[in-house]
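Step one of this worksheet: look at the structure below.
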Amino acid sequence: MVQGEYRTPLAAHAHLEPLAALADVKVGGRIEVWASTQYPQMIIDDLRDVFGKEREVLVHPTQLGGGFGRKAGQHAALEAARLSAAVGKPVHVGWTREEDLQHAFYRPPTHHVLRGSVGADGRLRGVEQFTAGGDIIWGQTGLPEFVRDALGFDPGGLLGQFMPYDFPAYRVVNRREALPVPTGYWRGLGVLPNTFALESFMDELAHAARVDPLAFRLRHLGSGEDGRRLRTVLERAAQAAGWGTPLPAGRARGVACCLDLGTASALVAEVSVQGGRVQVHRVTVAADPRLVINPDGARLQVQGSVMMALSSALHEELTIQDGRVVESNFDRYRLLPMRDAPPVEVLLVESGDEPQGMGEPVMGPAAAAVANAVFTLTGERLRTLPLRPRQG
């Protein structure tokens with residue numbers, strides 16, 4: 001029997017530009033708002049909840065400046081509108097970095113417990129999986145709690161939730177946890193924390209079976225379309241990364257894959273560890289979104305996803321003390337610095353004629369691939385983000 005327990009922390013969106021909005025509320029007339037938003041209709045709905053369902057609302061979406069889920073709604077727009085209505089003049093509201101880090105909504109923490117067994121033939125017999133986390137989609141909607149309880153799960157938390165492999169017995173238990181902090185959309189929703197747990201555990205099973213981690217994954221892919229697509233991206237990424245070939249002393253490779261939003265992706269990370277610090281030297285990604293419309297845009301989405309996922313995997317963590325978020329700026333909420341950003345090779349694979357997601361799926365395998373490489377290099381299994389090896 002193999003068992004692993006994995007955790008991911010609260011995380012902020014850390015978008016470059018904090019929230020800002022300009023509102024002009026005419027007495028008894030139209031409400032006009034200029035705001036950086038990913039979801040203009042949510043602003044309209046929020047304003048009508050406050051000022052009346054029949055009120056005319058016009059929203060001008062401005063340049064986004066990064067959002068990653070934080071700007072799905074726009075608290076600053078509602079604040080500016082309330083103030084404009086109170087003073088009878090247009091009002092601009094701009095949040096500071098400190099306000100955004102300490103008073104936003106966040107990626108919820110997660111806790112995963114997995115148990116599994118492999119046979120003498122090196123094949124996986126079964127997995128039992130328990131997952132708990134806070135709300136993602138439900139955290140930013142107005143659904144009554146009894147409706148959420150009736151559904152019993154948050155759809156955002158199911159992204160990347162299920163192992164894409166073929167084996168005889170599989171049991172999954174998912175639990176919604178009520179949290180005392182606001183949580184919601186964060187790039188990829190559940191795909192990064194879920195894939196971190198599942199693909200790290202897949203590596204643990206491979207080592208228990210004494211089988212190469214890449215070969216173990218390939219051995220357990222089904223013969224259906226999803227299995228064929230994952231096999232292709234795994235083989236392409238491994239070949240391009242030089243899987244199985246010698247590396248400089250003090251380096252190792254790790255692999256992980258996932259299927260999310262119709263896109264199959266696989267990632268190989270090459271890492272070293274010095275003084276308790278993980279350094280990622282190279283990342284190779286193969287992604288199959290079925291049809292690639294804009295190759296340059298697709299590569300940029302993959303590279304951006306990798307950098308944000310590595311930042312989360314290696315650095316990002318919000319802490320709560322005395323009922324409030326401790327981190328107030330980037331001096332304490334650390335991000336991946338440019339000097340540590342590795343080169344990212346992107347291989348695009350096409351397997352169909354309908355384009356699928358590219359902005360989020362590759363968020364999934366990055367953290368697991370890095371953690372798996374650390375284990376290969378040091379023998380230390382890191383099961384909590386951010387990844388912090390023992391000193392030495």
Side-chain angles (χ1 to χ4, degrees), residues 1-8 110-133 151-155 157-176 190-238 243-244 254-268 286 288 351 356 361 364-365 367-369 371-372 375-376 381-383:
M1 178 68 69
V2 179
Q3 179 165 321
E5 190 168 347
Y6 309 87
R7 296 178 185 271
T8 64
T110 65
H111 184 193
H112 308 255
V113 177
L114 291 108
R115 292 194 288 263
S117 62
V118 292
D121 59 356
R123 292 198 65 87
L124 180 55
R125 297 304 188 207
V127 170
E128 194 171 36
Q129 173 183 331
F130 302 89
T131 303
L151 291 170
F153 63 90
D154 185 299
L158 297 187
L159 297 183
Q161 174 77 272
F162 303 101
M163 299 182 82
Y165 302 104
D166 185 18
F167 50 90
Y170 189 29
R171 178 175 182 241
V172 179
V173 178
N174 176 264
R175 176 169 174 166
R176 288 179 59 235
V191 72
L192 186 150
N194 287 332
T195 306
F196 167 62
L198 298 186
E199 282 294 286
S200 294
F201 189 63
M202 195 65 178
D203 237 57
E204 298 206 45
L205 292 165
H207 286 284
R210 295 183 173 84
V211 177
D212 173 83
L214 173 64
F216 190 74
R217 286 170 170 81
L218 294 173
R219 179 181 297 181
H220 289 90
L221 290 173
S223 59
E225 183 183 12
D226 289 346
R228 292 195 301 270
R229 295 174 69 210
L230 283 169
R231 182 179 302 277
T232 297
V233 293
L234 278 166
E235 291 175 341
R236 290 286 300 276
W243 187 268
V255 65
C257 66
C258 77
L259 186 64
D260 178 52
L261 299 178
T263 294
S265 62
L267 187 149
V268 176
D288 173 14
S351 64
Q356 303 297 311
N372 294 338
F375 176 81
T376 298
R381 178 63 67 181
L382 302 178
R383 299 189 179 97

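Below, all heavy atoms of this structure are taken into account, side chains as well, without hydrogens, waters or symmetry copies. The first residue of the sequence shown is numbered 1, and numbering continues consecutively from there.
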His220 side chain near Arg123 side chain, heavy-atom distance below 4.5 Å: yes
Q. Quick one: does Phe201's side chain get under 4.5 Å of Val2's, heavy atoms only?
A. yes
Heavy-atom side-chain proximity of Val173 to Glu128 below 4.5 angstrom: no
Closest heavy-atom pair, His111 versus Glu5, reported as atoms and distance to 0.1 Å, is NE2-OE2, 2.6 Å
Separation between OH (Tyr170) and CZ (Phe162), nearest 0.5 Å, reads 6.5 Å
Residues Arg236 and Ala286: closest non-hydrogen pair is CB-CB, 4.0 Å
Nearest heavy-atom approach of Trp243 to Gly254 is CZ3-C, 3.9 Å
| Short question: side chain of Asn194, backbone of Gly157 - any donor-acceptor pair under 3.5 Å? | yes
Closest non-hydrogen contact found for Ser200 with Arg381 is O-NH1, 3.9 Å
So CD of Gln161 and NE2 of His112: to nearest 0.5 Å the spacing works out to 7.0 Å
Interatomic distance, CZ@Arg115 vs CZ@Arg171, rounded to 0.5 Å, equals 8.5 Å
Take a 6.0 Å sphere around CZ of Arg175 and say whether it holds more than 12 heavy atoms from other residues, nucleotides or ligands.
no
Side-chain heavy atoms of Ser351 within contact of Thr232, under 4.5 Å | no
- Message: Could you tell me if the side chain of Phe196 sits less than 4.5 Å from the side chain of Thr110, heavy atoms only?
- Response: no
Rounded to the nearest 0.5 angstrom, the CD-CG distance for Glu199 and Leu267 is 10.5 Å
A side-chain contact here means heavy atoms from C-beta on lying under 4.5 Å apart; do Val211 and Val118 qualify? no
On a heavy-atom basis, the closest approach of Leu230 and Ala264 is CD2-CB, 4.0 Å
Starting from the C-alpha separation in whole Å, work towards a yes-or-no answer on side chain to side chain contact (heavy atoms under 4.5 Å, CB included) for Arg217 and Asp203.
CA-CA 9 Å; Arg217 286 170 170 81; Asp203 237 57; 2.9 Å; yes
Rounded to the nearest 0.5 Å, the CE atom of Met202 sits from the CG atom of Leu124 at a distance of 6.0 Å
Of all heavy-atom pairs linking Tyr165 and Cys257, the shortest is OH-SG, 3.2 Å
Given 3.5 Å as the limit, does a donor-acceptor pair link the side chain of Arg231 with the main chain of Leu218, or not?
yes
d(Asn372 CG, Leu382 CG) to nearest 0.5 Å is 10.0 Å
Which of Arg228, Arg229, Gln356 passes side chain to side chain donor-acceptor pair (under 3.5 Å) with Asp288? Answer is Arg229
